[in-house]
Colleague: 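Got a structure for you, questions after.
Numbering of residues begins at 1 and proceeds along the displayed sequence. All figures in this text were calculated on a predicted structure; none of them were measured in a lab.
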Amino acid sequence: MINFPFGMSQQQIVIAILVFIMCAAFLWIIAHALVDLIRYLIFHFSHRSKFTPRSWLFIAIASLLSIVFIARGQVAKAASVEILADSETQNKTNPSQDLIPVLSCSVVVAGLIFEIGKQRGNRLRQLQTNSRLNHPSATAVRTEVALRATLEVKSSQTENIYLDANSQNPIFIPFGICDSKMVFIDIGQRSIINILKEDATQTIAVVDALVAATLFSTGNKVKPIFLIKDRDKVDTSSLLFPQVAVVSNVQEVSEITASVREHCVVFTASQISQLEVDQLLANNCAVISTSSISCATFVLQANQCQWRLMPSNIMMTPFGLLSNEAHAINELLIDVDRSLQLDTNLMNFANIANTRDLNSENLHRNCEKWNVLVRTLGPVDVQLNDGTVIEFEKSKTKELLAWLTSHRSRPTRSAARTALWDVNVADATFTNIVSDARRMLNQTHLISNTEEWLPRTFNDQLPFHISIISDGEILESCITRAHELEPNQAIAELHRGLELVRDLPFSGTGYLWPDAEGITSQLVLNVITASAMAGELDLQRGEIEGVFWATSKGLKVLGAHEELIALRMRAHALRGDFAGVRGEWHSYERAVKSDSWANSQPSPKLLNLYNQLNSGLPVSLAR
């Protein structure tokens with residue numbers, strides 16, 4: 001074996017030699033240029049003539065090449081996709097007829113993100129455990145990251161204008177921007193809003209923006225309805241959200257208002273008579289129409305090059321749901337549903353082991369020999385194997401290590417930069433983050449001098465040491481091995497992984513990428529899987545306290561999960577504690593009603609189990 005001097009690896013020696021050669025070449029060029037400068041001055045004053053030194057030509061060519069070739073940071077900027085426009089770029093002192101993208105409104109975006117989270121929570125509660133989810137599409141990831149970035153940059157100090165309420169219980173939604181202030185309009189009972197403009201495209205965009213605002217900024221208090229008399233001319237953009245009912249006459253609107261508790265808002269581009277308007281108002285509906293209604297409470301009309309809102313007589317720029325935004329939202333909502341379906345190629349963890357790459361297989365074989373643990377099952381921390389928590393100088397360093405361990409199969413610089421920053425950053429900014437991680441980890445002295453925590457490369461790859469792992473990876477490894485072990489050993493292995501669970505994955509971090517990429521959802525499903533597996537095995541052995549401990553870990557990340565609640569009810573029944581069964585059921589009912597991310601009705605399957613246990617049916621037969 002060759003012993004390299006100063007404890008340097010072969011790669012480090014090669015890098016040092018290359019750096020020495022480059023420095024020597026640079027110094028030679030500078031020295032040559034200075035000598036040519038002195039020769040030039042002497043020749044000029046002695047012979048009163050000029051010449052061009054060859055070294056200057058070399059420097060000029062090198063400078064030209066540095067301008068022509070694009071730096072890596074510029075490439076990242078050019079490749080980025082701008083989905084959302086900022087309302088601050090609009091002309092605020094003299095609003096034009098150009099619309100402001102509604103996805104630049106933080107109120108609407110916050111409601112949309114909440115709706116996506118609610119949809120994910122509901123689907124995760126229904127999914128079977130011990131499974132894998134589909135990966136979201138790249139377009140959906142970019143859209144969601146852009147939406148979350150909008151919430152990050154929007155200031156909470158923005159002033160708002162609330163127009164006069166039209167109803168006793170006003171419901172305000174964002175309508176547009178006036179003099180840098182957000183305008184809110186009331187869509188409560190018996191409100192009538194006219195949107196009048198010759199350009200049908202912009203009129204529809206404003207109406208669609210109001211639909212989005214109605215859905216995502218009212219806390220599910222409003223039921224939007226499209227009244228389209230000619231059903232053959234339905235605009236596909238009007239059917240963007242499945243929550244919107246589509247009817248063809250006022251009578252159908254009356255039937256819907258009688259069957260729902262929410263306040264109904266009718267959107268229409270059809271001409272409606274005064275009698276029909278009176279019928280809608282009699283049902284306490286609000287009406288938003290693109291045709292003129294004589295008794296309208298607010299009229300937004302385009303005059304020459306401006307939008308004017310009457311009777312307030314203010315000039316404003318309304319929000320609009322543009323075609324690219326509508327397409328992005330549609331893809332995102334569809335992809336959220338698709339990504340929460342089971343990956344048919346990897347139906348369970350037993351099959352996953354056969355598809356691992358070499359790095360993942362080495363990780364599972366050596367998961368007990370880790371040196372650095374990135375804690376993601378809760379607030380993100382980085383700790384050593386002795387429990388010491390590493391405090392980095394830069395806040396982004398922990399996020400970089402969390403991203404690396406979450407993307408072990410494809411760690412690249414460009415992907416990491418895109419995930420950590422929603423805007424383009426200088427090369428030096430990212431380099432400083434990597435250097436901070438490398439410097440702080442080097443101080444641990446946990447690896448030999450011939451190894452590196454984050455090896456230096458001359459390409460886009462960003463490799464890291466195999467002994468840096470995350471608690472999510474350990475938990476997944478425990479689930480995989482538990483399938484191959486006897487029950488007693490499997491329970492011990494699952495408990496070892498569940499001990500790492502502290503809270504919802506990435507809680508309190510505000511990172512943009514884990515939710516958008518489906519990483520949080522998969523980690524939550526993994527925790528639920530381990531909890532259910534351990535709880536079922538403990539229940540079979542009669543270890544009641546083990547059931548409660550294991551299921552409590554799962555309920556910590558996803559409350560009111562049906563399978564975990566069922567295990568707890570069966571555990572109470574197994575030891576004859578029917579009061580405990582009822583207590584568990586009532587706790588579940590309260591959780592379902594109070595959790596805004598859950599359905600308002602208890603699970604029929606769980607209700608059936610509750611009735612079976614209360615009737616005295618043996619636990620082994622109750623399902």
Colleague: Nearest 0.5 Å please: distance from the CD1 atom of I195 over to the CG atom of L210.
Modeller: 5.5 Å

Colleague: Counting C-beta onward and ignoring hydrogens, is there a side-chain heavy-atom pair between I528 and V557 closer than 4.5 Å?
Modeller: yes

Colleague: Should the pair K396 and W421 be classed as cation-pi, given the thresholds of under 6.0 Å to the six-membered ring centre and 45° from the axis?
Modeller: yes

Colleague: Please step through side chain to side chain contact (heavy atoms under 4.5 Å, CB included) for the pair L564 and R568, ending with a clear verdict.
Modeller: CA-CA 6 Å; L564 299 183; R568 297 175 70 89; 5.6 Å; no

Colleague: Going by ring pair (Phe, Tyr, Trp, His ring centres under 6.0 Å), name the residues that satisfy it together with F392, two or more places apart in sequence or in a different chain.
Modeller: none

Colleague: So which heavy atom on A282 is nearest to which on R190, and how close?
Modeller: N-NH1, 4.1 Å

Colleague: Holding to side-chain hydrogen bond (donor to acceptor under 3.5 Å, both in side chains), I want the full list of residues that pass it with S507, two or more places apart in sequence or in another chain.
Modeller: none

Colleague: Going by the rule side-chain contact (heavy atoms from CB on, under 4.5 Å), which residues pair with K394 if we only count those two or more places apart in sequence or in a different chain?
Modeller: T397, N432, I433, D436

Colleague: Work out which heavy atom in D186 is nearest to a heavy atom in I193; give both atom names and the distance.
Modeller: O-CD1, 4.0 Å

Colleague: Between S106 and L151, what is the shortest heavy-atom contact and its length?
Modeller: O-CD2, 3.5 Å

Colleague: Does one side chain, of S291 or S289, offer a donor that lies under 3.5 Å from an acceptor on the other?
Modeller: yes

Colleague: Could you tell me whether D199 atom CG has more than 12 heavy atoms of other residues or ligands within 6.0 Å of it?
Modeller: yes

Colleague: Are R417 and S414 linked by a side-chain donor-acceptor pair shorter than 3.5 Å?
Modeller: no

Colleague: In sequence, state the C-alpha distance, the side-chain angles, and the governing distance for L475 and L500, and then conclude on side chain to side chain contact (heavy atoms under 4.5 Å, CB included).
Modeller: CA-CA 8 Å; L475 177 62; L500 299 172; 5.6 Å; no

Colleague: Answer yes or no: is there a side-chain heavy-atom contact under 4.5 Å between F506 and L523?
Modeller: yes

Colleague: Rounded to the nearest 0.5 Å, how far apart are CD1 of I329 and OG1 of T143?
Modeller: 9.0 Å

Colleague: So, does D335 use its side chain to make a donor-acceptor pair with the main chain of A140 at under 3.5 Å?
Modeller: no

Colleague: Given K229 and I272, is the side chain to side chain contact (heavy atoms under 4.5 Å, CB included) satisfied, shown in steps?
Modeller: CA-CA 9 Å; K229 292 185 177 180; I272 55 177; 4.0 Å; yes

Colleague: Testing I204, V206, T203 for side chain to side chain contact (heavy atoms under 4.5 Å, CB included) with T290, which one passes?
Modeller: T203

Colleague: Kindly say whether L321 contributes a backbone atom to a donor-acceptor pair with the side chain of D208 at under 3.5 angstrom?
Modeller: no

Colleague: Is there a side-chain contact between T509 and E399 in this structure, where contact means two heavy atoms from C-beta onward sitting under 4.5 Å apart?
Modeller: no

Colleague: Decide yes or no on side chain to side chain contact (heavy atoms under 4.5 Å, CB included) for I173 and V107, but give the supporting numbers first.
Modeller: CA-CA 9 Å; I173 62 171; V107 177; over 6 Å; no

Colleague: If only side-chain N and O atoms count, and only distance matters, is there a donor-acceptor pair under 3.5 Å linking E252 with S248?
Modeller: yes

Colleague: Ring-plane angle category for W585 and Y588, please: parallel below 30°, perpendicular beyond 60°, tilted otherwise.
Modeller: tilted

Colleague: Under a 4.0 Å threshold between the charged nitrogen and the carboxylate oxygen, would K398 count as salt-bridged to D381?
Modeller: yes

Colleague: Are any non-hydrogen side-chain atoms of N220 and E262 less than 4.5 angstrom apart?
Modeller: no

Colleague: Could you report the tightest heavy-atom contact between N194 and I293, atom names first, then the distance?
Modeller: OD1-N, 2.8 Å

Colleague: Has R375 got a side-chain atom pairing as donor or acceptor with R502's backbone, closer than 3.5 angstrom?
Modeller: no

Colleague: If we only count heavy atoms from C-beta on, is the I192 to C295 side-chain gap below 4.5 Å?
Modeller: yes

Colleague: Tell me whether S312 contacts the main-chain N or O of L309 through its side chain, where contact means a donor paired with an acceptor under 3.5 Å.
Modeller: no

Colleague: If you count the non-hydrogen atoms of other residues, nucleotides and ligands that lie under 6.0 Å from CD in Q168, is the total more than 12?
Modeller: no

Colleague: Show the nearest heavy-atom pair for residues I177 and M182, with the distance to one decimal.
Modeller: CD1-CA, 3.9 Å

Colleague: In terms of side-chain geometry, is the basic nitrogen of R148 or D515 positioned less than 4.0 Å from the acidic oxygen of its partner?
Modeller: yes

Colleague: Within the 4.5 Å heavy-atom criterion, are V247 and I225 side-chain neighbours or not?
Modeller: yes

Colleague: Rounded to the nearest 0.5 Å, what's the gap from CG on L332 to CD on E325? Could you check?
Modeller: 12.5 Å

Colleague: Rounded to the nearest 0.5 Å, what separates atom SG in C105 from atom CD1 in I100?
Modeller: 9.5 Å

Colleague: Closest approach of F319 and P101, non-hydrogen atoms and distance?
Modeller: CD2-O, 3.9 Å

Colleague: Donor-acceptor pair, distance only, cut-off 3.5 Å: does the side chain of S521 make one with the backbone of G518?
Modeller: no

Colleague: Are the side chains of K556 and V527 in touch, meaning some heavy atoms are under 4.5 Å apart?
Modeller: no

Colleague: Looking at K221 and H263, would you say the former's side chain and the latter's main chain have a donor-acceptor pair under 3.5 Å?
Modeller: no

Colleague: Less than 4.5 Å apart, any side-chain heavy atom of L227 and any of E276?
Modeller: no

Colleague: Is it true that Q279 and N283 share a donor-acceptor pair across their side chains at a distance under 3.5 Å?
Modeller: no

Colleague: Without swapping roles, check the side chain of K197 against the backbone of Q202 for a donor-acceptor pair under 3.5 Å.
Modeller: no

Colleague: Any chance you could measure H561, atom NE2, to L606, atom CG, to the nearest 0.5 Å?
Modeller: 11.0 Å

Colleague: Distance check, rounded to the nearest 0.5 Å: E144 atom CD versus L333 atom CG?
Modeller: 10.0 Å

